[in-house]
Amino acid sequence: MGEAEKSLNFIEHIIEEDLRNGFPKEALRFRFPPEPNGYLHIGHASSMCLNFGLGLRYDAPVNLRFDDTNPAKEEQEYVDAIKRDVAWLGFRWNTERYASDYFPQLYAWAVKLIKEDKAYVDSQSSEEMAKQKGTPTEPGTNSAFRNRTITENLELFEGMKMGEYGEGTHVLRAKIDMASPNMLMRDPIMYRILHRAHHRTNTDWCIYPMYDWTHGESDYIEQVSHSLCTLEFAMHRELYDWFLDQVCVPDQVRPKQREFARRNLSHTVVSKRKLMQLVTLGIVKGWDDPRMPTIAGMRRRGYTPEAIRNFADTIGIAKRENLIDVSLLEFHVREHLNRIAPRVMAVLDPVKVVLTNYPDQKEEWLEAENNPEDEGAGTRQVPFSRELYIERDDFMEEANRKFFRLKLGGEVRLKNGYIIKAESCVKDKEGTIIEIHCTYDPKSRSGSGTEESLRKVKGTLHWVSIKHAIAAEVRLYDRLFTDESPDTHKDRDYLELVNPNSLESITGYLEPSLQSAKVGERFQFQRLGYFCVDQDSTSNKLVFNRTVGLRDTWAKLLDKN
RNA sequence: UGGCCUAUGGUGUAAUUGGUAACACAGCUGGUUUUGGUCCAGUCGUUCAAGGUUCGAGUCCUUGUAGGCCAACCA
């Protein structure tokens, strides 16, 4: 209740208008149609949010349909990965479909077209056909085989199906118009011969239907009401409609194709070819490398399905060119993680602190809040002792009053612990600080309620007790590309714009409660960012991925100087 | 040179279908805070251009300009 009236995107406007014109709401039906030849990425997430979101909004079924008409590229491995990713994002498909399930129906319809003299077998090479195709400004010319008899076409097509001919010897083409200003209407190929095993139909077929012939008819078979695709298919709509005209009968839903602009995310690439190249060239470690914009990569990075969905909802859908700043995605990731991630302390760039007035063997367990944003999150105990680690950049021998951290003679609060004062520091021969000697105020313990504990000190630092800390590998990620739009430069290859420092692997020191952290669990390392346990973790060594840093206004201040 | 599509703040998306340009992010100012996080308040735009229709145009018309897409037996 109280949910603000959400404005409609242009697709929803089209649907609303169809409804007003009498289209029955119960007949609304959508589909998400990936080709199983690669992994799903952030762009697909947008498409899923659109289609499945429409399903939710109108209480309409949404099919997951694999567009598997090219056995040369498609594999079962991708089908499994895609299903996992769709489900992980939280979407529920009505039924799982495959375009290959419709091969018999498609074949029957093709025969019907031949009988109506609307399709013919062409026996030229692809080079000859390309030549006859014309150009966008010049009309094409008819194939010498365009006027074969229906009987001859029927026989040849049957032969193609039976595997009597080699690949490339014949194709079935729709007989439309070689002079059409739309190149796609110049007698498009409907079937080609391919002697390859298909991941589902195996060697049952020697001919495979092309995208245009398959997609619209599949929509029709499934009675999809609104078939949504990206802008580059806009020119295909005329052909989509032509094919539908050949098979549609009254009283059946006639699918409507509408196109939207694909979402472009800054500092990344998203084409399957380029993502594949990043993997094969070893620039990343796999499709699920946390730097990849794939769903699998984002999952491993620690992004949540909610964050990705909120992001997609926020950016919306339209028809114009766009380049969405990754910082918007990161905002949604932080927003969600801020609510759900337990806080812990970890020091990633340690320098040793010795509390000179703290008893040598003493240790205490201090109470720490798990999440100030979540009252139900409870508390935990963290160990405190004489020797601690703090971050190296949380200490300066001298600093101005804008530096709210530790400096000689200055006081600072150790989170959940005591107020300490820096007295001196020890350096090695190179001048690097190796120890900071401090005194602590024994009466200032957090939560003790003493007058001293209530003192206001500017600055609170996170820390870990050295003897209790556990060492872990921490992987710090940065954007994969240094350029916001790496693959749109005419004069520069996107590979030249790869960020050489997109991964830095370091050893961090964690509070001991993290010992039992499980793969996939997400935490906020206080004052640093959100981190999650990577699948590379073993029983004796934890590996963490930095999902995203905290907003850092201090770093911004430093940048200005 | 032909056809199709698009144009609103730095970014993305809206605008009750012709009626005072809104929301989010980013930025900037402050405030709160035992995370320089979170949270709170404030601030930044006359809709690509030029004409036209109208009492009134981001919405309609005309002409430009800019950008994207189209010639795989890929999807």
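Reckoned from all heavy atoms, side chains included, excluding hydrogens, waters and symmetry mates. Reminder, nothing fancy here: chain letters follow the sequence lines and each chain counts from 1.
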Pairing annotation in dot-bracket form, given for RNA chain B with Watson-Crick or G-U pairs under 3.5 Å and | for cross-strand partners: .((((((..((((.....[..)))).(((((.......)))))....(((((..]....))))))))))).....
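The salt bridge (charged side-chain N to carboxylate O under 4.0 Å, His left out) pairs that include a residue from residues 332-350 of chain A number zero, where partners must be two or more places apart or lie in different chains.
Checked by distance alone, A:Gln524 brings a side-chain donor or acceptor within 3.5 Å of a matching partner on the base of B:U35. Residue A:Arg551 places no side-chain atom within donor-acceptor reach of the base of B:G36, judged by atom type and a 3.5 Å distance cut-off alone. On a pure distance criterion of 3.5 Å, a polar donor-acceptor pair joins the side chain of A:Arg413 and the base of B:U34.
By the salt bridge (charged side-chain N to carboxylate O under 4.0 Å, His left out) test, A:Glu511 is found to be paired with A:Arg380, residues two or more places apart in sequence or in another chain being considered.
Ring-to-base geometry does not place A:Phe331 in a stacked arrangement with B:A26 (centre distance under 5.5 Å, plane angle under 30° required).
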For every nucleotide of nucleotides 9-16 of chain B, 5' to 3': is a protein heavy atom under 4.0 Å from its base (B), only from its sugar-phosphate (S), or from neither (-)? --SSSSS-
Could you run through nucleotides 69-75 of chain B and give me one letter per nucleotide, 5' to 3': B if any protein heavy atom sits under 4.0 Å from the base, S if only the sugar-phosphate is that close, - if neither? -SB-BBB
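Applying the 4.0 Å criterion to OP1 and OP2 of B:G37, one finds that A:Arg334 has every side-chain N and O outside that range. Side-chain nitrogen and oxygen atoms of A:Lys458 include none within less than 4.0 Å of the OP1 or OP2 phosphate oxygen of B:G36.
For A:Tyr107 and A:Phe157, the ring centers sit closer than 6.0 Å to each other. Aromatic ring centroids of A:Phe66 and A:Tyr98 lie under 6.0 Å apart. A ring-centre distance under 6.0 Å is found for A:Tyr211 and A:His215. Residues A:Trp463 and A:Phe384 bring their aromatic ring centres within 6.0 Å.
Taking the six-membered ring where the residue is Trp, A:Phe32 and A:His44 present perpendicular rings, their angle passing 60° and hence far from 30°.
Of the residues in residues 337-348 of chain A, A:Asn338, A:Arg343 come within less than 4.0 Å of RNA chain B through at least one heavy atom, sorted by number.
Side chains of A:Ser123 and A:Arg148: a donor-acceptor N/O pair is present below 3.5 angstrom, by distance only.
Nucleic acid contact for A:Gly459: none, since no nucleic acid atom lies under 4.0 Å from a heavy atom of the residue.
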